[in-house]
Amino acid sequence: MIILGIETSCDETSAALLNGPNRVLSSVVSSQVEHLEYGGVVPEIAARAHLRQLRPVVQRALDEAGLSLDQVEAVAATRGPGLIGALLVGFGFGHALAMARGLPFAAVNHIEGHLLSPVLTDPAFEPPFLALIVSGGHTELIESAAWHRYELIGSTRDDAVGEAFDKVGVLLGLGYPGGPVIQKAAAAGRPDAWRFPRARLEPGSLDFSLSGLKTAVRLAVEKRRRDLGLSADRPLPGPEKADLAASFQEAVIDALITRLEQALERHPVERVVVAGGVAANAELRERAGALCDRLGIRLYLPPMAYCGDNAAMIAAVGALRLSRGERWPLSTAPLADLDRFPLDSAS
Ligand code: KG4
Ligand code: ZN
């Protein structure tokens with residue numbers, strides 16, 4: 001089944017064509033640069049940019065797959081969670097296209113896209129598994145006992161991991177998005193230069209808390225500026241930024257790996273998925289690899305192209321759910337909030 005996937009939940013306009021859940025024929029991701037000067041995603045600007053970009057992005061995906069619209073047999077689009085204006089653009093486009101052409105349509109949960117992204121490269125991937133989903137909007141530990149069955153076993157109480165990277169990127173004057181620039185700066189710094197705090201939650205909790213770490217980095221930046229007598233318009237010297245970036249990255253990754261290990265003690269499984277935009281982080285990939293090797297667990301890390309938001313993972317979930325006979329009523333609408341949108345249910 002040739003399925004067109006569409007993803008517009010945040011600031012990536014993406015379209016992909018798949019033949020079933022495991023064969024990607026094309027995957028186009030257009031990252032909006034309109035937000036760079038604001039140091040974060042501006043929802044209204046995101047929605048307008050999706051409106052401009054989506055049609056050409058879908059056409060490019062068709063061209064790269066060597067297909068025409070007439071050959072598309074099903075459509076899947078992200079229903080949520082995400083920015084409502086941004087979601088409406090891709091969801092409305094996909095839903096209308098499917099209706100006009102009489103094609104089956106799948107309304108996909110973005111998080112399930114990240115969770116099942118391993119199917120894009122490994123047809124043998126299957127539950128049960130434990131997943132660490134780390135992105136700009138999410139920091140979640142999820143257990144999946146069977147296909148499309150999920151239990152949330154831990155999540156962040158404040159900032160998402162990617163959000164922490166993004167805020168610290170701005171704090172250090174490294175730019176936005178923070179993940180890639182912090183990773184790059186950290187490579188030249190000492191991870192033990194600063195000892196940043198790990199959040200202490202009640203014993204047994206698998207939740208995360210990252211806002212204290214962000215505050216600690218802010219205080220450290222202010223302290224170094226004072227020590228060096230820097231005026232407000234002077235940036236911190238490169239080596240100072242590198243040390244702060246490396247120490248921050250060390251603290252975040254350490255917190256994630258510690259939680260993952262605790263989760264595995266209580267929920268023993270044979271497969272672990274680490275996915276979402278932050279799964280592109282080299283340090284996290286390495287540490288998760290070492291942990292899973294030590295415990296004899298198979299680790300599934302999507303290739304870089306499928307770590308961040310992409311329509312291929314949305315099409316894959318759509319293909320899987322449609323093949324089980326799931327259908328969505330005409331009244332289905334996007335939902336911004338995950339709490340109102342349980343992962344398990346189709347509609
Ligand atoms: O999954 P994603 O593309 O979008 C959301 O659903 O949020 O994730 C984007 C996030 C951003 O916060 C970005 O800073 C982070 O992923 N990120 C990274 C890296 N590359 C992207 N974080 C840490 N290290 C990286 N190499
Ligand atoms: Zn995402």
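Heavy atoms only: backbone and side chains are in, while hydrogens, waters and symmetry mates are out. Remember, it's 1-based here, ligands and their atoms both numbered in the order they're listed. From a predicted model like this one, the values you see are computed outputs, not experimental measurements.
- Between Leu256 and Val134, some side-chain heavy-atom pair lies under the 4.5 Å cut-off.
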In sequence, state the C-alpha distance, the side-chain angles, and the governing distance for Asp158 and Lys214, and then conclude on salt bridge (Lys or Arg N to Asp or Glu O under 4.0 Å). CA-CA 11 Å; Asp158 37 60; Lys214 177 193 63 194; over 6 Å; no

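- Heavy-atom proximity to atom 7 (O) of ligand 1, evaluated over Pro177, Gly136, Cys10, is greatest for Gly136.
- Set against the non-hydrogen atoms of His110, the atoms of ligand 1 under 4.0 Å away are 6 (O).
- Screening residues 25-52 for ring pair (Phe, Tyr, Trp, His ring centres under 6.0 Å) gives no qualifying pairs among residues at least two apart or on separate chains.
- Only protein atoms were considered; those of element N, O or S under 2.8 Å from the Zn ion (ligand 2) number 3.
- A salt bridge does not link Asp63 with Arg60: none of the charged nitrogens is closer than 4.0 Å to a carboxylate oxygen.
- Of the candidates Ala164, Ser135, Gly179, Gly179 brings a heavy atom nearest to atom 18 (C) of ligand 1.
- At least one N/O-N/O distance between Gly162 and ligand 1 falls below 3.5 Å.
- Contact atoms of ligand 1 toward Asp166: 11 (C), 12 (O), 13 (C), 14 (O) (distance under 4.0 Å to a heavy atom of the residue).
- Residues Leu69 and Leu97 are in side-chain contact: their nearest non-hydrogen atoms beyond the backbone lie under 4.5 Å apart.
- Evaluation of the side chain to side chain contact (heavy atoms under 4.5 Å, CB included) rule for Ala220 yields Trp194, Phe196, Leu244 as partners, not counting sequence neighbours.
- Residue pairs that meet the salt bridge (charged side-chain N to carboxylate O under 4.0 Å, His left out) test with at least one member in residues 10-30, sequence neighbours left out, do not exist here.
- Close approach to Gly137 involves these atoms of ligand 1, each under 4.0 Å from a residue heavy atom: 7 (O).
- Residue-level proximity to ligand 1 for His114 is carried by the side chain, the only part with a heavy atom below 4.0 angstrom.
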